[in-house]
Structures are given as C-alpha cells and as structure tokens.
Amino acid sequence: RSELGDIYLPAHCYFFIGDTSGLYAVPLCFGVPVVGVNRVPLADLPLGNKDLFIVKKYRCAETKKNLTFREIVEIGADQWFNGNIYADNGIEVIENTSAEIADVVLEMRLRLEGEWVPSEGDDELQDQFWEIFPPGHRVEGNPARIGAQFLRQNVELLN
C-alpha cells in the first residue's frame, strides 16, 4: 500500500471491481471500466458507458420481504447515504452474494473481450430498470448497465 499504488493500480487495471467507497472514483477518472458491487444507495451508480453494477437488496425488517426498485425510489431510499436512515425506517440492506458478484465480473470480462452474448429479453430488463426512475432523476442519462444475470434472477424487483 502506498499513495502511488492506490492511484496507479485503479488507473491502469483492465477493469476495477469495487463498492461505493471513494476509491471507485479513481478508475472512473481514468476511463477504466468499473464493476460496481454492493451499490447503495440505489441511485449512487457508476457513470461510464462500459460500467456494470449490481445493487444491494432492500428488505423490510418486519416482513422480511424485499422492496422493489420502484418502492425504493418512491420512498426516497434510493438516495439515502446514511445507514442509520435505513434502520430508522425498518429497512435492512442485504449484501450481494459471491455468486452475484462472480456473475457480473464474468459479464464484464466477456463484454470487454467482445464475447458477451446477451440473452433474449436482456435489453427489455435494462429498460424496465431505468424506467423506474422519474424524469429529472439524478440517474437520468446514466450509460452504465445493471448486471444482466442479476436482473434475470431478480425480475420481481422490477415490479
């Protein structure tokens, strides 16, 4: 670990895997593709046109039912940066599984190597995700993509 290494490695790697910590901004500045995992809040997303991400799931602490992306946006939880706010509102934030992370990392590698083959319906799922955010929302026009396998396995979150 060094100050030089903390900047050099994220600026020169093939692609960067990280969460919402500040370090993910370094590869963004240098045009290095980012795989964002465990993204929270929902509206804090990578910004590049080659970036991929998956988000944490939000679950009602009382019922143990996952909130849909639309429910998250409607209550404003997509923009809560303070973890205490989730607890105060009875929401648990669930970490991505190692399988979810592996899927989105593989998708990035395949995309960068020109070997990605989308499944039928992937573009429609992407559109459904982005349509959840109202016009003028801070994510409007974001060119990043949410992981295809993550959406396929969590279609119920798009309702």
Side-chain angles (χ1 to χ4, degrees), residues 10 13-28 32-112 116 118-134 136-159:
C13 57
Y14 188 50
F15 64 89
F16 181 87
I17 306 164
D19 59 15
T20 51
S21 71
L23 189 58
Y24 88 93
V26 174
L28 288 174
V32 173
V34 169
V35 175
V37 299
N38 283 311
R39 304 299 299 186
V40 67
L42 178 62
D44 186 27
L45 303 175
L47 302 171
N49 64 355
K50 291 184 180 177
D51 296 344
L52 294 174
F53 64 92
I54 56 176
V55 298
K56 290 185 180 184
K57 294 174 189 161
Y58 294 40
R59 181 172 66 194
C60 176
E62 184 178 323
T63 66
K64 302 301 182 194
K65 176 189 169 287
N66 286 338
L67 278 69
T68 66
F69 294 135
R70 188 170 312 282
E71 290 171 325
I72 293 166
V73 171
E74 285 174 354
I75 64 172
D78 62 313
Q79 299 187 54
W80 294 347
F81 283 89
N82 184 320
N84 293 331
I85 298 173
Y86 296 96
D88 291 347
N89 285 276
I91 297 173
E92 299 172 335
V93 184
I94 310 302
E95 300 279 323
N96 295 133
T97 66
S98 57
E100 290 170 333
I101 294 169
D103 286 339
V104 73
V105 168
L106 176 60
E107 180 179 346
M108 175 62 87
R109 185 184 64 79
L110 293 173
R111 284 181 178 277
L112 291 176
W116 174 251
S119 294
E120 185 176 336
D122 281 350
D123 286 338
E124 290 80 9
L125 291 174
Q126 289 290 322
D127 291 344
Q128 287 178 41
F129 174 77
W130 292 107
E131 288 168 1
I132 287 164
F133 300 97
H137 193 281
R138 67 181 281 189
V139 302
E140 187 172 43
N142 187 316
R145 295 180 65 88
I146 189 166
Q149 187 67 16
F150 183 83
L151 282 181
R152 291 180 208 138
Q153 292 177 340
N154 294 287
V155 171
E156 72 282 358
L157 299 179
L158 294 169
N159 295 328

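No experiment lies behind these values; they were computed from the predicted model shown. In this chain, residues are counted from 1 in sequence order.
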**Q** Taking only residues two or more places apart in sequence or in another chain, which ones pass ring-ring contact (aromatic ring centres under 6.0 Å, His included) with Tyr58?
**A** Tyr86
**Q** Please tell me if the side chains of Asp44 and Tyr24 come closer than 4.5 Å, counting only heavy atoms from C-beta onward.
**A** yes
**Q** Determine whether Val55 and Val40 make a side-chain contact, defined as any pair of heavy atoms from C-beta on separated by less than 4.5 Å.
**A** no
**Q** Any idea which heavy atoms bring Gln79 and Ala43 closest together, and the distance?
**A** CG-CB, 4.0 Å
**Q** For the side chain of Glu100 and the backbone of Ile54, is there at least one donor-acceptor N/O pair under 3.5 Å apart?
**A** no
**Q** Are Asn38 and Val93 side-chain neighbours, meaning at least one heavy-atom pair lies under 4.5 Å?
**A** no
**Q** Find out whether Asn96 and Arg39 are in side-chain contact, i.e. whether some heavy atom of one side chain is under 4.5 Å from a heavy atom of the other.
**A** no
**Q** Tell me, please, which residues at least two apart from Leu112 pass side chain to side chain contact (heavy atoms under 4.5 Å, CB included).
**A** Tyr14, Phe15, Pro33, Lys50, Met108
**Q** Can you list every pair that meets salt bridge (Lys or Arg N to Asp or Glu O under 4.0 Å) and has a residue in residues 121-134, with sequence neighbours left out?
**A** Asp122-Arg152, Asp123-Arg145
**Q** Any chance you could measure Leu45, atom CG, to Ile146, atom CD1, to the nearest 0.5 Å?
**A** 8.0 Å
**Q** How many angstroms lie between atom CG of Leu52 and atom CZ of Arg111, to the nearest 0.5 angstrom?
**A** 5.5 Å
**Q** Less than 4.5 Å apart, any side-chain heavy atom of Asp103 and any of Gln153?
**A** yes
**Q** So which heavy atom on Gly48 is nearest to which on Pro143, and how close?
**A** C-CG, 3.7 Å
**Q** Glu156: what forms a side chain to side chain contact (heavy atoms under 4.5 Å, CB included) with it, not counting sequence neighbours?
**A** Asn154, Asn159
**Q** Which atoms form the tightest heavy-atom contact between Ala77 and Pro41, and what is the distance?
**A** O-CB, 4.0 Å
**Q** Using the side-chain hydrogen bond (donor to acceptor under 3.5 Å, both in side chains) criterion, which residues pair with Asn66? Sequence neighbours excluded.
**A** none
**Q** Got a second to check how far Ser119's OG is from Leu125's CG, nearest 0.5 Å?
**A** 9.5 Å
**Q** For Leu110, which residues count as a side chain to side chain contact (heavy atoms under 4.5 Å, CB included) partner, sequence neighbours excluded?
**A** Leu106, Glu115, Trp116
**Q** Can you run down the salt bridge (Lys or Arg N to Asp or Glu O under 4.0 Å) pairs that involve residues 65-81, sequence neighbours left out, and say none if there aren't any?
**A** Lys65-Glu71
**Q** Which distance, rounded to the nearest 0.5 Å, do you find between the CD1 of Ile132 and the CD1 of Ile72?
**A** 8.5 Å
**Q** Does Phe69 have any ring-ring contact (aromatic ring centres under 6.0 Å, His included) partners at least two apart in sequence or in another chain, and if so, which?
**A** Phe129
**Q** Just to verify, what does Thr63 make a side-chain hydrogen bond (donor to acceptor under 3.5 Å, both in side chains) with, not counting sequence neighbours?
**A** none
**Q** Pairs in or reaching into residues 136-159: which pass ring pair (Phe, Tyr, Trp, His ring centres under 6.0 Å), with residues at least two apart or in two chains?
**A** Phe133-His137
**Q** Looking only at heavy atoms, what is the nearest atom pair of Leu23 and Pro27, with distance?
**A** O-CD, 3.2 Å
**Q** If the condition is side-chain hydrogen bond (donor to acceptor under 3.5 Å, both in side chains), which residues does Asn89 pass it with, not counting sequence neighbours?
**A** none
**Q** Once you round to the nearest 0.5 Å, how far does NZ of Lys56 lie from OG1 of Thr20?
**A** 6.5 Å
**Q** What do the steps show when you test Phe16 against Leu28 for side-chain contact (heavy atoms from CB on, under 4.5 Å), and what is the final call?
**A** CA-CA 9 Å; Phe16 181 87; Leu28 288 174; over 6 Å; no
**Q** My understanding is that only residues two or more places apart in sequence, or in another chain, count here; which of them pass side chain to side chain contact (heavy atoms under 4.5 Å, CB included) with Ile94?
**A** Lys57, Arg59, Glu92
**Q** Quick one: CG on Asp51 to CG on Asn142, what's the gap to the nearest 0.5 Å?
**A** 8.0 Å
